[in-house]
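Accompanying notes for the structure given below.
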Amino acid sequence: MVVLLWGTTIMFSCNRATESEETDLDSLMTQMSENLTMITSENGNLKYRFETPLMERYELASVPFMEFRKGVKVETYNDSTMNVESELVADYAKYIEPEKLWEARGNVVAKNKEGQILLTEQLFWNEITDKIYSNVESTVLQGNDRIVGTGFESDSNFEDFTFRSPKGQVEVNVETNGEAADSLNNENALSDSLSVNNMVPEITTDSLLIEELPSIEPEE
């Protein structure tokens, strides 16, 4: 089940294109939402919380997708305790609907409940396999250690991770590691545009709508 909470949503419609019309459906937006929060639950338990200042949807594209050009914040929750298991922020994200594949890009910072921090510039999440991976250089801060490598792979909670091609592990002092951890909440991660207080208005029961993501049919 998906719960949508948003400030402003705009739906678009278009006439069906004929063969003689040169309509680029891949770039035709069908839905836009601002200050959007999406909450996903399974068996009545909170699973994911997703926040973004802007969502743009392209349902008529050859491969339908949603784009988040102003950044995202995602939290995963423990099914039994309802505690936050992990959180992620990024400057940009894209969701390929048929493949159920997420891509996050730009200052991607993820943190798990153990305090381990992942820093990278690109990260993918496959909802079908529930696996997260990156093909670019990534860094994991773990205690006083900094692990660097490519081919990062993990479960969705960032608890069980590996590097296909580790480049090395170096010890860092506590102050440096603390500064990196602070970046998750300050400069790189929770910038003003992604701050929960600035990004999502106060939510009341009047703004609550429970439904699957709408499907838009083009008008004849």
Side-chain angles (χ1 to χ4, degrees), residues 36-40 46-53 55 66-79 81-96 100-170 172 176-197 199-200:
L36 174 68
T37 298
M38 293 190 293
I39 298 175
T40 302
L46 181 61
K47 188 69 174 176
Y48 304 106
R49 180 185 178 91
F50 177 94
E51 300 171 350
T52 182
M55 183 276 283
M66 290 186 285
E67 192 172 32
F68 309 87
R69 295 186 291 109
K70 293 187 177 182
V72 296
K73 178 179 179 180
V74 182
E75 294 177 337
T76 65
Y77 290 82
N78 182 285
D79 290 340
T81 66
M82 294 291 133
N83 293 328
V84 175
E85 292 282 303
S86 65
E87 58 184 280
L88 176 146
V89 292
D91 291 343
Y92 170 92
K94 185 176 183 179
Y95 179 60
I96 309 300
K100 297 186 180 298
L101 180 66
W102 289 88
E103 177 191 8
R105 292 205 310 258
N107 294 317
V108 181
V109 182
K111 181 179 180 180
N112 65 18
K113 64 180 181 180
E114 305 299 332
Q116 297 168 321
I117 299 172
L118 169 69
L119 308 173
T120 187
E121 286 300 310
Q122 185 181 42
L123 196 67
F124 294 93
W125 172 36
N126 188 318
E127 284 189 23
I128 298 175
T129 62
D130 202 30
K131 294 295 183 182
I132 291 175
Y133 60 93
S134 176
N135 297 317
V136 302
E137 184 172 288
S138 305
T139 300
V140 172
L141 303 179
Q142 181 175 267
N144 293 333
D145 294 332
R146 181 190 299 267
I147 307 171
V148 181
T150 57
F152 176 87
E153 295 180 352
S154 172
D155 63 307
S156 61
N157 290 328
F158 298 101
E159 292 180 338
D160 184 16
F161 66 86
T162 60
F163 283 95
R164 292 194 303 271
S165 301
K167 292 186 177 181
Q169 177 173 323
V170 297
V172 297
T176 301
N177 192 27
E179 291 172 359
D182 289 341
S183 71
L184 181 68
N185 301 310
N186 296 312
E187 294 181 358
N188 294 333
L190 300 184
S191 61
D192 289 340
S193 63
L194 283 177
S195 169
V196 175
N197 293 330
M199 182 171 62
V200 180

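Using a distance-only test at 3.5 Å, with no hydrogens or angles considered, a donor-acceptor pair links the side chain of Asp155 to the main chain of Asp160. Of the possible polar contacts, one joining the Thr76 side chain to the Ser86 backbone as a donor-acceptor pair under 3.5 Å is found. Asn112 contributes a side-chain N or O that, together with a main-chain N or O of Phe158, makes up a donor-acceptor pair within less than 3.5 Å.
The number of heavy atoms from other shown groups lying within 6.0 Å of CZ (Arg69) does not exceed 12.
Note that OG1 of Thr52 and NZ of Lys70 are 9.0 Å apart. Values are rounded to the nearest 0.5 Å. Note that the NZ atom of Lys47 and the OG atom of Ser156 stand 6.0 Å from one another [nearest 0.5 Å]. Separation of atoms CG (Leu118) and CD (Gln142) is listed at 11.5 Å; rounding is to 0.5 Å. Here the straight-line distance linking atom CD1 of Ile117 with atom CZ of Arg146 works out to 10.0 Å at 0.5 Å rounding. Atoms CD and NZ, from Glu75 and Lys111 in turn, are 12.0 Å apart once rounded to the nearest 0.5 Å. Here the straight-line distance linking atom CG of Asn157 with atom CD of Glu87 works out to 12.0 Å at 0.5 Å rounding.
Taking 4.5 Å as the limit, every side-chain heavy atom of Trp125 sits out of range of all side-chain heavy atoms of Leu88. By the 4.5 Å heavy-atom criterion applied to side chains, Leu36 and Met38 are counted as neighbours. Using a 4.5 Å heavy-atom threshold, the side chains of Ile147 and Phe163 count as touching. With a 4.5 Å cut-off on side-chain heavy atoms, Arg105 and Lys94 do not count as touching. Contact of the Glu51 side chain with the Val89 side chain is not registered, since no non-hydrogen atoms from C-beta on lie closer than 4.5 Å.
Between Ser154 and Glu159 the shortest heavy-atom distance is OG-N, 4.0 Å. When all heavy atoms of Arg164 and Ser134 are compared, the closest pair comes out as NH2-O, 4.3 Å.
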Query raised in the report: When you look at Phe161 and Val140, which way does the side chain to side chain contact (heavy atoms under 4.5 Å, CB included) test go after all the steps?
Result: CA-CA 10 Å; Phe161 66 86; Val140 172; 3.6 Å; yes
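Listed by first and then second residue, the salt bridge (Lys or Arg N to Asp or Glu O under 4.0 Å) pairs that reach into residues 121-143 are Glu137-Lys167, sequence neighbours excluded. The stretch residues 130-151 participates, sequence neighbours left out, in these ring pair (Phe, Tyr, Trp, His ring centres under 6.0 Å) pairs: Phe124-Tyr133.
Residues that satisfy the ring-ring contact (aromatic ring centres under 6.0 Å, His included) test with Phe68, not counting sequence neighbours, are Phe50, Trp102.
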